[in-house]
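Below, chain A is the first sequence line, B the second, and so on; all start at residue 1. Only this structure's heavy atoms are used, side chains among them; waters, hydrogens and symmetry mates stay out.
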Number of protein chains: 4
Amino acid sequence: MSAAQPPVTPAKGRPRSVAADLAILDATRETLAELGWGGLTMGHVATRAKVAKTTLYRRWPSKNELVVDAVASLFDELVMPDLGSLRADIEAVVGQFADLLARPETQAALLALFAEGTRDRQLRRRIREAIVDPQKRLVRQGRAAAQARGELAPDTDPVTAAEEIDIIFDTIAGTVEHRVLVSGEPITPEWARRFSSLLLGPFPSLVSG
Amino acid sequence: MSAAQPPVTPAKGRPRSVAADLAILDATRETLAELGWGGLTMGHVATRAKVAKTTLYRRWPSKNELVVDAVASLFDELVMPDLGSLRADIEAVVGQFADLLARPETQAALLALFAEGTRDRQLRRRIREAIVDPQKRLVRQGRAAAQARGELAPDTDPVTAAEEIDIIFDTIAGTVEHRVLVSGEPITPEWARRFSSLLLGPFPSLVSG
Amino acid sequence: MSAAQPPVTPAKGRPRSVAADLAILDATRETLAELGWGGLTMGHVATRAKVAKTTLYRRWPSKNELVVDAVASLFDELVMPDLGSLRADIEAVVGQFADLLARPETQAALLALFAEGTRDRQLRRRIREAIVDPQKRLVRQGRAAAQARGELAPDTDPVTAAEEIDIIFDTIAGTVEHRVLVSGEPITPEWARRFSSLLLGPFPSLVSG
Amino acid sequence: MSAAQPPVTPAKGRPRSVAADLAILDATRETLAELGWGGLTMGHVATRAKVAKTTLYRRWPSKNELVVDAVASLFDELVMPDLGSLRADIEAVVGQFADLLARPETQAALLALFAEGTRDRQLRRRIREAIVDPQKRLVRQGRAAAQARGELAPDTDPVTAAEEIDIIFDTIAGTVEHRVLVSGEPITPEWARRFSSLLLGPFPSLVSG
DNA sequence: CCGTAATCGAGACGGTACGTCCCGTCTTTCC
DNA sequence: GGAAAGACGGGACGTACCGTCTCGATTACGG
């Protein structure tokens, strides 16, 4: 989010309009969905949000930062369902992620942001903090549930566990994104089944049964 | 590639300069490495290649197509080594891919192209044909070698085999790209080992040993 | 001047700060001298005078009016010396005016104000009342002195006299301004001598001698 | 004028559109007359001339230079009539100049240009070369005619003559401008008669008769 | 000595024009 | 007819000020 913590000092001068913030983020998402990344100009967003361009620039230094904030909230809809088996949970989350990637605003924004982040460390950090890392909770929750069920062994070392979470997250996120956005193929339940089989190893019966 | 088939008619007027093509592609790669995707403009490339803008546009309709051609050849350096075990082969290819993604021209171009491909089916097809799909040979070769060694069961159904190749390819490519370009973390030999363990299942000893 | 008449009603609420008025006018003159007319912005003056923009606008409706008030006082330094001959008096006043026009704040402001006045009758009136007309006293005084000395014939008709004062004033002011500000040439004593010769006619000996 | 001398080298690339130049200058004069100096924006002129803003900036670096060129030609209409007496000639030229200053485009532009020239030596030079100095021909012609008639003594020293021309020019131009643009009073035939009397000395009969 | 009222600073607001950068096309001349 | 050169119309950029507004915090005076 762009908003900092509630200011310690009671803030001098006219306070920033909260309504403007919301209108801008809404306008950004709508424009992304309608016109795509290329059609998203600061001027257009400002006009659509009925806000001056200066107001926009006062809050976000560029299109990139703005889109990070506008898109981040879309990822909050992902939830770990806890369906009783690790396989089912993985397939469910993959499905949710695929649905999210099918939305035009996500589609228009995600890879473009990643691409920009490639050459701007600050932006990459911001993307990670606002969009990517928060989703690692899904992996953590899924792992915890599987451990509770006895499907996975409990953590021994927290550092190793963190690395494992990272690698699993990169694998699920990266693979689904590559499938949908690069290969341009849909994520079917069948594909999700195969993919979770890959993750769970060639003989999942040995593990979960 | 942009080059058309050798013309049937012996071509009227002055023939196109071959030197220009090479100079343009070189200039494109150099500019990508130095200034990144954002700094790559058609005018700049033309100037750098000592070529008129018209010459450039006569060959490539836009920056995107140009970069596809300029970058595609970089991916030819990836080879499947056949080191005697599937694990070793995977780790080797992951390492090669990581090195490729560490080069500034690849880094600047790859995600940007993917992002553009998101909104342009034609471009996506071209990217797949020129850059992505050719690398599936690596998976095919690795699989074949592993099957020859008895590490993997032989193919039963060619359709199933193709789908398996696809999913493995998306997984390796997507995960490594996400790790390097989105998470911004390096690919260490240790990480490659963990990743191949993930791919080979929790008890690889049962399979390969 | 911007200051209104002493209020009839003893004024409710907090009285306006007198210090602010002076600080603003000083800041205006300083900024004019340093940055010129184009560099003079309301925001800048406010900042420099350590005053809020609202405070500034509460007193002066625009840059133009502000500068009129800021610059008017500079013209008070012009005096008619009464040196014993009309020629000497003219040359002295021309010299004073030239010195005034050499000051950067006058230089930056005067023509700019005149230019603005061209499109704003109200402003033109204000400029005349505050800056231009008060200087006609110089012509009047010089004429009176010359008449007392017998260099000039006494007034016959007051209307004719007024017109004569106007035309002499326009001639002296306009010519010196044109020489300094448009032609960009300095006013030397030699030039002043020539100019007063022109005013006094080709054979001044016949008049003053 | 903005146009340089006809290029020695035959000029590479597409030549600049002459039509664009004319359209821009016309649009500038029209806009000046309609909206005044303040309403004259580069964007507006470009739109009105049906030309891209870049085309405009390619030729003139700023509004000031553009207006110099646009306005300069208006001054070409001033001519020295040679009416048989110096007085008549002066009154005629003063009248012409007054008419020129009454035109809205001149009125809007002239003092504004002079004001800008105050802080930009380059611009001042350009104004002098394009607008001011060319009119000195009027003084020269008038003087020559008067000398031919015997109204004025022939030149003795060319340097002195040049200085005399300068001072007379500054006087006529400056006075008329001050009368019209600063004092805001009209130039009547009566005023022109008085002014030429002033120039010709208190006893013109001694000179011209 | 309390409330009303106009002031003060600060700074956000909607808006306009700026001058720059690239785009992709067109119009030259030369080869 | 290709190539170099460079002008063309067009669109977005990010910045600078504009003049207005909304804040909380200060003064004054009149009751």
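- The interatomic distance linking E116(B) (CD) with dC23(E) (P) rounds to 12 Å, in whole Å.
- The OG1 atom of T31(B) lies 12.5 Å from the CH2 atom of W37(B); values are rounded to the nearest 0.5 Å.
- In this structure, I24(D) atom CD1 and dA7(F) atom C1' are separated by 12 Å, rounded to whole Å.
- The phosphate of dC8(E) has OP1 or OP2 within less than 4.0 Å of a side-chain N or O from R59(C).
- Taking atom CZ of residue R14(C) and atom C1' of nucleotide dA28(F), one finds them 9 Å apart after rounding to whole Å.
- Listed for the T118(B) side chain is a donor-acceptor partner under 3.5 Å among the backbone atoms of F114(B).
- Rounded to whole angstrom, the span from the NZ atom of K53(B) across to the P atom of dA4(F) amounts to 14 Å.
- The listed nucleotides are dG14(F), dA17(E), dA12(F); the one nearest the side chain of M42(A) is dG14(F).
- A straight line from NZ of K50(D) to P of dC8(F) spans 17 Å, rounded to a whole angstrom.
- Between the K53(C) side chain and the M42(C) main chain, no donor and acceptor come within less than 3.5 Å of each other.
- Residue S17(A) places its side chain closer to dC13(E) than to any other of dT15(F), dG6(F), dC13(E).
- Mapping P61(C) and P61(A) onto DNA chain F by nearest heavy atom places P61(A) closer to the 5' end of the strand.
- In the set dA4(F), dA12(E), dG9(E), dA12(E) carries the atom at the smallest distance from any side-chain atom of R58(A).
- The shortest distance between the side-chain N/O atoms of T55(B) and the OP1/OP2 oxygens of dA4(F) is below 4.0 Å.
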